[in-house]
K.L.:
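Dropping the structure in here first, questions after.
Side chains included, hydrogens not; waters and symmetry mates left out as well; all remaining heavy atoms used. Residue numbering restarts at 1 for every chain, and letters A, B, ... go by the order of the sequence lines.
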Amino acid sequence: MIRRIKGTLDVFGEQACLWRYIESTFIETVRSFNYREVRTPIIEPVELFVRSVGEETDIVRKEMYVFEDKGGRRVALRPEGTAGIVRAYIENGMNRFGAPQKFFYIGAMFRYEKPQAGRQRQFHQLGVEVFGSPSPFADVETIHIAMKFLKNLGLDDARLHVNSIGCPKCRPSYKDALKKYYSEYLQELCEDCRIRYDRNVLRLLDCKVDSSIAEKAPRIQEFLCDECREHFVKVCKALDTLNLKYTVDPKLVRGLDYYTRTTYEIKVPYLGAQDTLIGGGRYDNLVRELGGPSTPAVGFAGGIERIALALEKKGIVVPRDILIYVATAGQDDTYAAAITVAETLRDRGFCVEIDLMERSLTSQMRYANRAKADYVVMVGEDELREGKFTLRDMKTGEQRKLTLHEMVEVLEKACKPLHGDS
RNA sequence: GUGACUGUAGCUCAGCUGGUAGAGCGCCUGACUGUGGAUCAGGUGGUCGCGGGUUCGAAUCCCGCCAGUCACCCCA
């Protein structure tokens, strides 16, 4: 038996419905803010990620799928979405359309990691990117979208954590201060932390082995330059205006090098170690660093698998279409009539199933019940003779004989509350 | 990449100290020659994750591999 590659997922049935529900809720939400879709390639030059995500990050150092194509090009499966979109923005000269430019995307990402629940090698992200606005209102709009999206899904218990990690002007002085502080504790640090000390000082803050040293470490807020501090204050104020609850988390450091100023994460308290549903932040220098015009930007990415897990954990179910099963009882001529009935109902927008197994009426009823059909229409000899069909409400067991026209009317009336008002 | 645990029917699991497999649920059919959910009867279903070793004999013991789960690393 050929089996799927480690860390990949086959998704179908109920679960696929859940994914589609997540995606369509996301699209609905971003459309209401007038964001436009962007689709970029899954394969990109390795160099793109080395220069954007960062040479020293784990993503680039050990998690990237890299190969050489037949033309000798060094190719990577994208480990995240932002880099490709920034590349596309520059390559297509999107800045000529003015600012801001607001995009959303949905797609597969790849990272070679040890899989566990909520962490796949092929995983799926949805996200937004805003180009051209240096304003804290842009940061907050992306957060607003993220929170509203989760709320629309029913995840109103998601918790927002925000921080500012400064800019190239003020961050170095903070890093120096951290190094100075930690240099006195080098002996007490865990093995990983000694590596972090040299490679990425900021990461020392969220060590899980021993947090007591980090507790007393200098806080970045005290090192922010005036511009960064003001920016952060405005972000917090705007969040208050929108009534979005948040926690300022000075230890919130993100793993990608391109972030400046605002960083944020949205977590849910019941998913174990993989509890971050959405992560994002501002990246004011990335467009320029990749060769484009100096363009501030901000965005987030959310993990579809994790959001799906959260919804499952909370027992949130996807609203289902009304299902009508057309059952045949009798000979071949009833089947012909049943098809016509089914098709008429489909043309009216209903979701209609008909027997494909040539089973007995009893079996068809069993099937309809199992498929959670809301109504069964029975088409048999009697119905053909009378020109009226039997409509059975599977919930109440009530049934009546109706002409096709009457049946459509009854069903449309009955389904209206479930389809919403229109 | 590191550590720990797990892997028996579609699903949840039982199978004691080695004697080549069971239950519940599900699914199919019937009781019910035009009616689902309840009940009853029958039926379908498994190279015991894969490979090797020990043994007269392995689902059971040993080793390796694969996959999953949990934590770390990191992140969505």
K.L.:
Hey, does A:Arg36 have a side-chain heavy atom less than 4.5 Å from the side chain of A:Arg31?
P.N.:
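Of all side-chain heavy-atom pairs linking A:Arg36 with A:Arg31, at least one is under 4.5 Å.
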K.L.:
For RNA chain B, which residues in residues 352-360 of chain A have a heavy atom at a distance below 4.0 Å?
P.N.:
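Residues of residues 352-360 of chain A that come under 4.0 Å of RNA chain B are, in numerical order, A:Arg359, A:Ser360.
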K.L.:
So what's B:rG42 paired with, Watson-Crick or G-U wobble, going by both distances under 3.5 Å?
P.N.:
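Result: B:rC28.
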K.L.:
Nearest to the side chain of A:Arg306 - B:rG37, B:rC75, B:rC74?
P.N.:
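It is B:rC75.
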K.L.:
Touch check for A:Glu80, heavy atoms < 4.0 angstrom, all strands: base, sugar-phosphate only, or nothing?
P.N.:
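Here A:Glu80 touches no strand at all.
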K.L.:
Write down the distance between CG (A:Leu361) and P (B:rU33), rounded to a whole number of angstrom.
P.N.:
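Interatomic distance, CG of A:Leu361 to P of B:rU33: 10 Å.
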K.L.:
Salt bridge between A:Asp69 and A:Arg74, side-chain N to carboxylate O under 4.0 Å?
P.N.:
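Salt bridge: no.
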K.L.:
Over all heavy atoms of both residues, which pair between A:Ile143 and A:Leu239 is shortest? Give the atoms and the distance, please.
P.N.:
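Heavy-atom minimum between the residues: CG2-CD2, 3.8 Å.
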K.L.:
Can you tell me how far C1' in B:rU44 sits from the matching atom in B:rG30, rounded to whole Å?
P.N.:
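Looking at atom C1' only, B:rU44 and B:rG30 are 14 Å apart.
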K.L.:
Return whichever of A:Gly279 or A:Lys6 has its heavy-atom-nearest nucleotide of RNA chain B closer to the 5' end.
P.N.:
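It is A:Lys6 whose nearest nucleotide is closer to the 5' end.
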K.L.:
Starting at atom CZ of A:Phe110, determine the distance to atom C1' of B:rC74, rounded to an integer number of angstrom.
P.N.:
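In whole Å, B:rC74 C1' lies 19 Å from A:Phe110 CZ.
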K.L.:
Do A:Arg119 and B:rC73 have a side chain to base donor-acceptor pair shorter than 3.5 Å?
P.N.:
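Indeed, a donor on one side and an acceptor on the other fall under 3.5 Å apart.
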K.L.:
Shortest non-hydrogen contact from A:Pro168 to A:Thr260?
P.N.:
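Scanning both residues, the minimum pair turns out to be CD-CG2, 4.4 Å.
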K.L.:
Tell me whether the side-chain N or O atoms of A:Gln364 pair up with the base of B:rU35 as donor and acceptor below 3.5 Å, since no angle test is needed here.
P.N.:
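No such pair is found, so the answer is no.
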K.L.:
Any side-chain donor paired with an acceptor under 3.5 Å for A:Glu129 and A:Thr82?
P.N.:
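Yes, A:Thr82 and A:Glu129 have a side-chain donor paired with an acceptor closer than 3.5 Å.
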K.L.:
Cut-off 3.5 Å, side chains only: do A:Asp157 and A:Tyr270 have a donor facing an acceptor?
P.N.:
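Their side chains do contain a donor-acceptor pair, which is all the 3.5 Å distance test asks for.
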K.L.:
With both distances kept under 3.5 Å, what pairs with B:rU60, Watson-Crick or G-U wobble?
P.N.:
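Pair assignment: B:rU60 / none.
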K.L.:
Write down the distance separating the P atoms in B:rG57 and B:rC5, rounded off to the nearest Å.
P.N.:
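Roughly 30 Å separates the two P atoms.
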K.L.:
If you measure from the P atom in B:rG7 to the same atom in B:rG49, how many Å do you get, rounded?
P.N.:
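The answer is 8 Å between these two P atoms.
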K.L.:
Taking atom types as modelled, find out whether A:Thr29 and A:Tyr35 have a side-chain donor-acceptor pair closer than 3.5 angstrom.
P.N.:
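No.
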K.L.:
Would you say a side-chain N or O of A:Ser363 is under 4.0 Å from OP1 or OP2 of B:rU29?
P.N.:
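True: A:Ser363 side-chain N/O within range (under 4.0 Å) of B:rU29 OP1/OP2.
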K.L.:
Charged N to carboxylate O under 4.0 angstrom, A:Arg20 versus A:Glu23?
P.N.:
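Salt bridge: no.
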K.L.:
Could you identify the nucleotide paired to B:rA67, looking across every strand shown and requiring Watson-Crick or G-U wobble geometry with both distances under 3.5 Å?
P.N.:
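B:rA67 is paired with B:rU6.
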K.L.:
Return the residues of residues 368-390 of chain A meeting this criterion: a heavy atom under 4.0 Å from some atom of RNA chain B. Order them by number, or give none.
P.N.:
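Within this stretch, A:Asn369, A:Arg370, A:Met378, A:Gly380, A:Glu381, A:Asp382, A:Glu383, A:Thr390 sit under 4.0 Å of the strand.
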K.L.:
Is it true that A:Arg39 and A:Glu37 have a side-chain N and a carboxylate O under 4.0 angstrom from each other?
P.N.:
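Judged by the 4.0 Å cut-off on N to carboxylate O distance, A:Arg39 and A:Glu37 do form a salt bridge.
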K.L.:
Nearest whole angstrom, please: distance from the P of B:rU69 to the CD of A:Glu305.
P.N.:
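Taking atom P of B:rU69 as the reference, CD of A:Glu305 is at 12 Å.
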K.L.:
Not counting sequence neighbours, list each pair that qualifies as a side-chain hydrogen bond (donor to acceptor under 3.5 Å, both in side chains) and has a residue in residues 356-375 of chain A.
P.N.:
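Sorted pair list: A:Thr328-A:Gln364, A:Glu353-A:Tyr367, A:Ser360-A:Ser363.
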K.L.:
Using the P atom as the reference point in each nucleotide, state the distance between B:rU54 and B:rC63 in Å, no decimals.
P.N.:
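After rounding to an integer number of Å, I get 15 Å for this pair.
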K.L.:
Check the distance between B:rC75's C1' and A:Phe49's CZ and give it to me in whole angstrom.
P.N.:
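Taking atom C1' of B:rC75 as the reference, CZ of A:Phe49 is at 16 Å.
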K.L.:
Which one is paired to B:rC48, where only Watson-Crick or G-U wobble pairs with both distances under 3.5 angstrom count?
P.N.:
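B:rC48 is unpaired by these criteria.
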K.L.:
Of all the nucleotides listed (B:rC70, B:rC74, B:rG36), which has the minimum atom distance to the side chain of A:Arg392?
P.N.:
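It is B:rG36.
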K.L.:
Tell me which nucleotide, if any, is Watson-Crick or G-U wobble paired with B:rA23 when both distances must be under 3.5 Å.
P.N.:
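Checking every strand shown, B:rA23 finds its partner in B:rU12, with both distances under 3.5 Å.
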K.L.:
Using a heavy-atom cut-off of 4.0 Å across all strands, would you classify A:Gly280 as base, sugar-phosphate, or nothing?
P.N.:
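It contacts nothing in the nucleic acid.
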K.L.:
Name all pairs fulfilling the side-chain hydrogen bond (donor to acceptor under 3.5 Å, both in side chains) condition that reach into residues 388-402 of chain A, sequence neighbours left out, sorted by first residue then second.
P.N.:
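Matches after skipping sequence neighbours: A:Glu383-A:Thr390, A:Glu386-A:Lys401, A:Arg392-A:Gln399.
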K.L.:
Could you tell me which non-hydrogen atom of A:Leu202 sits nearest to which non-hydrogen atom of A:Leu178, and how far apart they are?
P.N.:
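In terms of heavy atoms, the two residues are closest at CD2-CD1, 4.0 Å.
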K.L.:
Can A:Tyr367 be called stacked on B:rG36 when the rule is centres closer than 5.5 Å and an angle between planes below 30°?
P.N.:
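No, the aromatic ring of A:Tyr367 does not stack with the base.
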K.L.:
Mind listing the closest non-hydrogen atom pair of A:Leu205 and A:Ala217 along with its distance?
P.N.:
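What the structure gives for the nearest pair is CD2-CB, 4.1 Å.
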K.L.:
So what's B:rC74 paired with, Watson-Crick or G-U wobble, going by both distances under 3.5 Å?
P.N.:
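Answer to the pairing question: none, since B:rC74 forms no Watson-Crick or G-U pair.
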K.L.:
Classify the nucleic acid contact of A:Ile307 as base, sugar-phosphate or nothing, counting any heavy atom under 4.0 Å across all strands shown.
P.N.:
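A:Ile307: no heavy atom of the nucleic acid under 4.0 Å.
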K.L.:
Expressed as a whole number of Å, how far does the P atom of B:rU2 sit from that of B:rC13?
P.N.:
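The answer is 29 Å between these two P atoms.
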K.L.:
Compare side-chain N and O positions of A:Arg196 against OP1 and OP2 of B:rC74 and report whether any pair is under 4.0 Å apart.
P.N.:
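Yes, within the criterion.
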K.L.:
Base, sugar-phosphate, or nothing for A:Arg203, non-hydrogen atoms under 4.0 angstrom?
P.N.:
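Sugar-phosphate, backbone atoms only, no base.
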K.L.:
Are A:Lys179 and A:Asp176 within salt-bridge range, i.e. N to O under 4.0 Å?
P.N.:
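No, no charged N to carboxylate O under 4.0 Å.
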K.L.:
State which of B:rA67, B:rG1, B:rG34 makes the closest approach to the side chain of A:Arg3.
P.N.:
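That would be B:rA67.
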K.L.:
Per the side-chain contact (heavy atoms from CB on, under 4.5 Å) rule, which among A:Ile145, A:Asn152, A:Leu150 passes with A:Lys148?
P.N.:
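Result for side-chain contact (heavy atoms from CB on, under 4.5 Å) with A:Lys148: A:Asn152.
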K.L.:
Hey, are the side chains of A:Tyr181 and A:Pro218 touching, using non-hydrogen atoms and a 4.5 Å cut-off?
P.N.:
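Yes, side chains in contact.
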K.L.:
Walk me through whether A:Tyr258 and A:Tyr283 qualify under ring-ring contact (aromatic ring centres under 6.0 Å, His included).
P.N.:
CA-CA 6 Å; A:Tyr258 53 62; A:Tyr283 48 98; 5.5 Å; yes
K.L.:
Strictly below 4.0 Å, heavy-atom distances to any atom of RNA chain B: list the hits from residues 15-31 of chain A, or just say none.
P.N.:
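Listed by number, there are none.
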K.L.:
Do you know which of A:Lys62, A:Arg196, A:Arg61, A:Arg51 makes salt bridge (charged side-chain N to carboxylate O under 4.0 Å, His left out) with A:Glu56?
P.N.:
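Answer after filtering A:Lys62, A:Arg196, A:Arg61, A:Arg51: A:Arg61.
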K.L.:
For A:Pro115 and A:Lys395, take the nucleotide of RNA chain B holding the closest heavy atom to each; which residue's nucleotide lies nearer the 5' end?
P.N.:
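Of the two residues, A:Lys395 wins.
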K.L.:
Name the nucleic acid region contacted by A:Leu277, choosing base, sugar-phosphate or nothing; use a 4.0 angstrom heavy-atom cut-off, strictly under.
P.N.:
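The residue A:Leu277 makes sugar-phosphate contact but no base contact.
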K.L.:
Can you check the distance between B:rC28 and B:rG10, where both ends of the measurement are the C1' atom (answer in whole Å)?
P.N.:
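Rounded to whole Å, the distance is 13 Å.
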K.L.:
Mind checking A:Leu126 for me? I need base, sugar-phosphate or nothing, with any heavy atom below 4.0 Å counting as a touch.
P.N.:
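Nothing, no heavy atom under 4.0 Å.
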K.L.:
Tell me, which of residues 264-276 of chain A have any heavy atom that sits under 4.0 Å from an atom in RNA chain B?
P.N.:
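Hits under 4.0 Å, by residue number: A:Gly272, A:Ala273, A:Thr276.
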K.L.:
When the distance from CD of A:Glu63 to C1' of B:rC75 is rounded to whole Å, what number comes out?
P.N.:
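My rounded result for the distance is 7 Å.
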K.L.:
Considering only atom P, compute the distance from B:rU29 to B:rG22 and round it to an integer number of Å.
P.N.:
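Straight-line distance between the two P atoms is 26 Å.
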K.L.:
Take atom P in B:rA59 and the same atom in B:rA21, then report the distance between them in whole Å.
P.N.:
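These two P atoms come out 8 Å apart once rounded.
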